[in-house]
Amino acid sequence: VSTTTSMLSSLVAADRCDRCGAQAYVRVKLESGLDLLFCAHHARAYEPTLRAVAAAIQDESARLLQTAATASPDER
Ligand SMILES: [Zn+2]
């Protein structure tokens, strides 16, 4: 199954930050074709570096604001 159009698909709960394992909200496509996933926290932390090396950045961190309004199933 080809996933070459993955840049167009939304990030889902199964997508995890490469740094801390939290749910990823930002996908960074490198010039090499490699994909990196970051949570909102790490995307912000690495933003200057990411902007320098990324071919494209898919930022869905705005969805955090939407999900924050509802009860988080991960928090008990
Ligand atoms: Zn993270």
Side-chain angles (χ1 to χ4, degrees):
V1 176
S2 172
T3 53
T4 49
T5 56
S6 62
M7 272 305 284
L8 299 176
S9 65
S10 288
L11 294 164
V12 296
D15 290 318
R16 296 287 154 176
C17 174
D18 288 336
R19 301 300 298 181
C20 69
Q23 184 171 347
Y25 284 96
V26 177
R27 175 186 286 136
V28 177
K29 193 94 172 174
L30 299 180
E31 309 258 357
S32 63
L34 215 66
D35 274 5
L36 297 177
L37 296 173
F38 293 101
C39 65
H41 170 81
H42 281 115
R44 228 181 302 273
Y46 293 113
E47 189 178 11
T49 307
L50 296 179
R51 287 196 182 281
V53 300
I57 297 178
Q58 179 182 359
D59 186 346
E60 297 191 0
S61 59
R63 285 167 51 208
L64 268 177
L65 302 174
Q66 298 169 14
T67 53
T70 62
S72 170
D74 292 332
E75 265 177 3
R76 295 200 170 86

- [ ] Of all the heavy-atom pairs spanning C20 and C39, show the shortest one and how long it is.
- [x] SG-SG, 3.8 Å
Task: Expected output: side-chain R27 to main-chain D15 donor-acceptor under 3.5 Å - done: no
TODO: Keeping the roles fixed (side chain from D18, backbone from L37), state whether a donor-acceptor pair exists under 3.5 Å.
DONE: yes
Open item on the list: Please find the pair of heavy atoms, one from Q23 and one from R16, that lie closest to each other, and give the distance.
Closed with: N-NH1, 3.5 Å
Task: Members sharing V12's hydrophobic cluster (side chains within less than 4.5 Å) - done: none
TODO: Scan for salt bridge (charged side-chain N to carboxylate O under 4.0 Å, His left out) pairs involving residues 46-58, sequence neighbours excluded, and state none if there are none.
DONE: E47-R51
Task: Side chain to side chain, L36 and Y46, heavy atoms closer than 4.5 Å - done: no
Task: Which atom of F38 lies closest to which atom of A43, heavy atoms considered - done: CB-N, 3.8 Å
Open item on the list: Could you work out, with side-chain contact (heavy atoms from CB on, under 4.5 Å) as the rule, every residue matching A55, not counting sequence neighbours?
Closed with: E31
